[in-house]
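Heads up, the thing below is written out as structure tokens.
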Amino acid sequence: MSSAVFSTSAAQGRPFVFDNENGVEVCPQPSQPELFAEARPPQRVIDAALPGAFFSGVMTDSRLASVTPASRLAVHPAPEMVSSGIAAMDELTGGLPRGCLTEICGPASSGRSTLMLSALAAATRRGEFCVVVDASDALDPQSVVAAGIELDRLLWVRCGENSHHAEHRLEQLLRVTDLLLESGGFGLIALDLGDLPPQTARRIPLTTWFRFRRAVEHTPTVLLAVERQSIAGSCSSLLIKLGFIKLGSLKLGSLELNTTESHASDTEVQFSMPTHAQLLSELEITAELARSRMERKPVRSAEIIFASKTAWAG
Amino acid sequence: MPYACIFVPNFPVAAVFRAEPELRAQAVAIFEGKPPLEKLSAVNESADRLGIAPGMTKAQAELCSELTLRPRSPLQESVAHAALLDCAQSFSPCVEDAAADTAILDLAGMESLFGSLPEIACNIFRRAAELGLDGNVAVASNPDAARLAARGFSGVTVIPPGKESETLGSLSVEVLFANGSEGKKKEDEEQKESARLLSTLDRWGVRNLRALAALPEVALSERLGQEGLRWQQLARGAASRTLVPVEAPTIFEEAIELEYPIVLLEPLAFLLNRLLEQICVRLASRALNTQQLRLTLELQNLAGVDPQLDTCGIPSESDASHDASQKAAQHFISGRQSKFCRTLSLPLPMLDPKLFLKLLQLDLNAHPPGAPILKIHLAAEPARPRSAQGGLFLPPSPEPEKLELTLARIAGLIGESRVGSLELLDTHRAEGFRIRRFVPEAAQEKSKISKPLEEKSAVAALRIFRPPLRAAVTLENGQMIRVVCAKKKEVQGNVLWKAGPWRSSGDWWEREAWSRDEWDIALQNAEGIALFRVVHDLLGGGWFVEGTYD
């Protein structure tokens, strides 16, 4: 043997010797040579049985059959899935995984914030505390209330004070996220990168996403990133892509005021607003499951369409 | 009834050692008086071995190179006295403030809580050492016997009942006349009287308390009067009286005076750490936490100081909207010195000196004092420790200490007024909200009372542009046909669809009246179709893109 690399099998707890000339050979520990002396056939017998086989030593030891390759070890249990607050989305994705990074990406007006607020509302309903790290200071308080989020359970971090530079806001977001992940205890941390230009958002190094994924791993926190394009690469466990809004999906509605004339008669009189005052009442969101690491099978090319109503339309 | 007495010998030196523990191994002398007539008032044992004695002038003492001189500090002595009382009150609610260096506590009924009397005495001794005070502790059946034993014997002394006279007998008569605290000046007449009586006893050959106790009562009364009889009772350990208890302090304070002004925040952090640790030990000894820390820095004269000084600590209007009570700073000028105050309010009672130090550092980084620091004063308002019932199946929640530090760090990064929880204001005005402090415990308390919010279907959310984008709107027959926003390329295009208007107005009785029409429009831009909210300001006359539905 000219050179050798020592490794330790987690399954058997004994050293393996990888020999450059003879392939892989299983060697017993020096302190216990007698354990393997009888069971191991001599090398010449192996060579005779499998002439010309370069890695002959690998297959001959039957005990190796019981060793599970590291790639097939079922190390991580499936993450707990929590509701995203939208039943159709839960059917598509199975929910949002805890301890993982989930990306929601799509163009403007595709329903990213609606999804984020729904997930936040579901989390606060579960009694969890949530954070929105808002890179563009774009959160609408009225929408937050309309989504049913418990305000006392939501921490809002508004990046970008006195700074209109996207890079500066992005830097603040990353530093704040690091601090929050280090602090722990939050049920959902939403990073809102939705208004950052894609070229700026793509400047986040992949190592940062790996760090975030590592920090959130084995914690009950759902890390949610809202962005225009997917930027976390393989670090995200779930990737949901939202499509452009369609004109046909926009629905109008008018407010109806119901008053009861209790004195004259019990008839209900309805006053409709004039037609020119019709308001946006509903729009449809198209979502596609682009990646999911939750299941050990190819990603389904599944798509759903669900309606999202405006606050005044109930 | 058993009583214990804690006596700190050489109190001015002990107060200095408490503030500067690194001096304990050195020869130290304390001086007082007006320059250039300063005289030494107290020295420690190491200085005594060098031949330094109280009464020497400062100039004489300075000839000794190994000697460290410190001015007498009434501030540090008062703080050390407060710590002494804390130590006593951590064992008994009935504590008498006998002198600056002496505290007497009633131990009746405490044996069932803290163990036997020797154990209690040892624990008192240990706690005093934790608080930075090397004192003598004595336990006896009456307060005066305990006080005399504490003054006469070093370390821990426990006098069994009935053995007072026997134990105290070996003490010098001078112990009786050293009743006054070294921190308080006696009246001259009392001092003279004591000196006269002491010389009388000396002439009689009475050197110790045993000899005084053995004198015939009648003869002693004839010569020294009732006062002589009282001393004899004290010498016999038979005097009896009730204690005069002091009230528990409402605030815990620590202070330090600096010989040289501090300019940088880093050395200040070392001193703050020491003060915080002392305060936390005191609070812990009383089973208390704190919810408010108040730091007062006395700064050098204002002449030539950065003009920022006057405003750097005062919260701005935006801070006021955040939470004015959270952190407040004040500057006030007294004579040639100014004081810089910072108040650190915590959401919950806590007791972690490292956390407090980090929070104060972050706060001082954001609001620097702006002038050299001469004196540091730190006060903590005591609060009962929080009680919380944990549960296995409760949802995760952030740890209060960690969260507080995280929020302080985030506030340092992005500004105090930009992190917190939302609170809607009672108005229909745009941006009718404010940011308030994020306190998870408040939410948990509230959720116990209120019902959880019902699950809703997806509600279309709006993304706000802050500030709103001014737009050029092309109208045709009163209808919007094109919107162009110069600042944002995405908000440019022909209007494909629109809904509205939604007219609203308010605050017409105030200067900030507002009136507007809202339109929801779909624009065709380069990427695709996007939905925006456009606002027409009816009072100002401009068009703005307020946000996008997303």
Side-chain angles (χ1 to χ4, degrees), chain A residues 86 107-114 117-118 121 125-129 137-148 150-159 161 172 175-176 179-180 183-187 194-195 220 244-247 250 252 277-280 283 306-311, chain B residues 394-399 402-403 405-407 409-410 413-415 417-424 431-433 435 438-440 442-444 446-447 452-466 490 496-497 499-502 520 522 527-532 547-550:
Chain A
I86 298 170
S109 296
S110 59
R112 302 163 302 172
S113 304
T114 303
L117 294 186
S118 296
R125 273 198 298 274
R126 290 192 296 269
E128 295 170 1
F129 292 94
D137 193 12
L139 191 71
D140 176 31
Q142 299 292 345
S143 299
V144 169
V145 174
E150 200 177 319
L151 296 183
D152 289 327
R153 293 184 179 275
L154 179 70
L155 175 66
W156 183 19
V157 183
R158 309 165 68 188
C159 302
E161 187 186 30
Q172 285 184 340
R175 292 178 70 178
V176 166
L179 289 171
L180 290 168
S183 172
F186 291 98
D195 283 346
F244 279 106
I245 198 169
K246 291 170 185 167
L247 271 185
L250 302 175
L252 290 171
Q278 282 189 320
L279 303 173
L280 172 69
L283 55 105
F306 61 92
S308 113
K309 292 187 175 181
T310 48
Chain B
L394 289 177
S397 63
E399 282 181 41
K402 268 189 176 180
L403 179 70
L405 191 55
T406 304
L407 291 180
R409 283 178 170 154
I410 293 173
L413 274 175
I414 63 171
S417 60
R418 299 185 68 83
V419 56
S421 57
L422 264 171
E423 185 180 7
L424 285 186
E431 301 288 78
F433 71 94
I435 298 287
F438 180 67
V439 185
Q444 282 176 341
K446 202 181 278 184
S447 63
L453 295 170
E454 291 178 3
E455 189 168 348
K456 292 184 174 181
S457 59
V459 178
L462 188 72
R463 295 179 72 83
I464 299 281
F465 298 141
R466 292 191 175 94
E490 295 90 345
L496 302 177
W497 178 95
W502 178 258
D520 298 326
E527 289 182 352
I529 297 171
L531 206 55
F532 296 97
T548 172
Y549 285 95
D550 188 33

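Every heavy atom of this structure was used, including side-chain atoms; hydrogens, water molecules and symmetry mates were not. Quantities reported herein were computed from a predicted structural model and do not represent experimental measurements.
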>> Quick one, Leu413(B) and Gln172(A) - any side-chain contact, counting heavy atoms below 4.5 Å?
In response: no
>> So, using side-chain hydrogen bond (donor to acceptor under 3.5 Å, both in side chains) as the criterion, who are the partners of Ser109(A) when residues are at least two apart?
In response: Thr548(B)
> CG of Leu422(B) to CZ of Arg158(A): how many Å apart, nearest 0.5 Å?
Replying inline: 8.0 Å
> CG of Leu403(B) to CZ of Phe186(A): how many Å apart, nearest 0.5 Å?
Replying inline: 5.0 Å
> What part of Leu405(B) lies closer than 4.5 angstrom to a heavy atom of chain A: side chain, backbone, both or neither?
Replying inline: neither
>> For Arg112(A), which atoms come within 4.5 Å of any heavy atom of chain B: side chain, backbone, both, or neither?
In response: both
>> Nearest 0.5 angstrom please: Gln142(A) CD to Leu424(B) CG, how far?
In response: 5.0 Å
> Shortest non-hydrogen contact from Ala460(B) to Thr114(A)?
Replying inline: CA-OG1, 3.7 Å
> What part of Leu155(A) lies closer than 4.5 angstrom to a heavy atom of chain B: side chain, backbone, both or neither?
Replying inline: both
> Can you tell which of Ala121(A), Ser143(A), Ala138(A), Ser308(A) has the highest number of heavy-atom pairs within less than 4.5 Å of chain B?
Replying inline: Ala138(A)
> What's the spacing between Leu151(A) CG and Phe433(B) CZ if we round to 0.5 Å?
Replying inline: 11.5 Å
> Rounded to the nearest 0.5 Å, how far apart are OG of Ser113(A) and CG of Leu462(B)?
Replying inline: 8.5 Å
> Among Leu139(A), Asp137(A), Leu154(A), which residue forms the greatest number of heavy-atom pairs with chain B at distances under 4.5 Å?
Replying inline: Asp137(A)
> Any chance CZ of Arg126(A) has more than 12 other-residue heavy atoms, nucleotides or ligands included, within less than 6.0 Å?
Replying inline: yes
> Can you say whether Ser118(A) sits under 4.5 Å from chain B via the side chain, the backbone, both, or neither, judging by heavy atoms?
Replying inline: side chain
> What's the shortest heavy-atom distance between Pro141(A) and Arg466(B), and which atoms?
Replying inline: CD-NH2, 3.6 Å
> Got Leu280(A) and Tyr549(B) here, is their nearest side-chain heavy-atom distance under 4.5 Å?
Replying inline: yes
> What part of Leu117(A) lies closer than 4.5 angstrom to a heavy atom of chain B: side chain, backbone, both or neither?
Replying inline: side chain
> What residues, two or more places apart in sequence or in another chain, satisfy ring pair (Phe, Tyr, Trp, His ring centres under 6.0 Å) together with Phe306(A)?
Replying inline: none
> Can we say Asp195(A) and Arg463(B) salt-bridge, meaning some charged N sits less than 4.0 Å from an Asp/Glu carboxylate O?
Replying inline: yes
> What distance separates Phe244(A) CZ from Ile529(B) CD1, expressed to the nearest 0.5 Å?
Replying inline: 9.0 Å
>> Between Asp550(B) and Ser110(A) (side chain of the first, backbone of the second, donor and acceptor by atom type, cut-off under 3.5 Å), is there such a pair?
In response: yes
> Taking the inter-plane angle between the rings of Phe438(B) and Phe129(A) on a 0 to 90° scale, is it parallel (under 30°), tilted (30 to 60°) or perpendicular (over 60°)?
Replying inline: perpendicular
>> Shorter than 4.5 Å, heavy atoms on both sides: which option in Gly432(B), Ser421(B), Ala522(B) has the most such pairs with chain A?
In response: Ser421(B)
> Are any non-hydrogen side-chain atoms of Val419(B) and Val176(A) less than 4.5 angstrom apart?
Replying inline: no
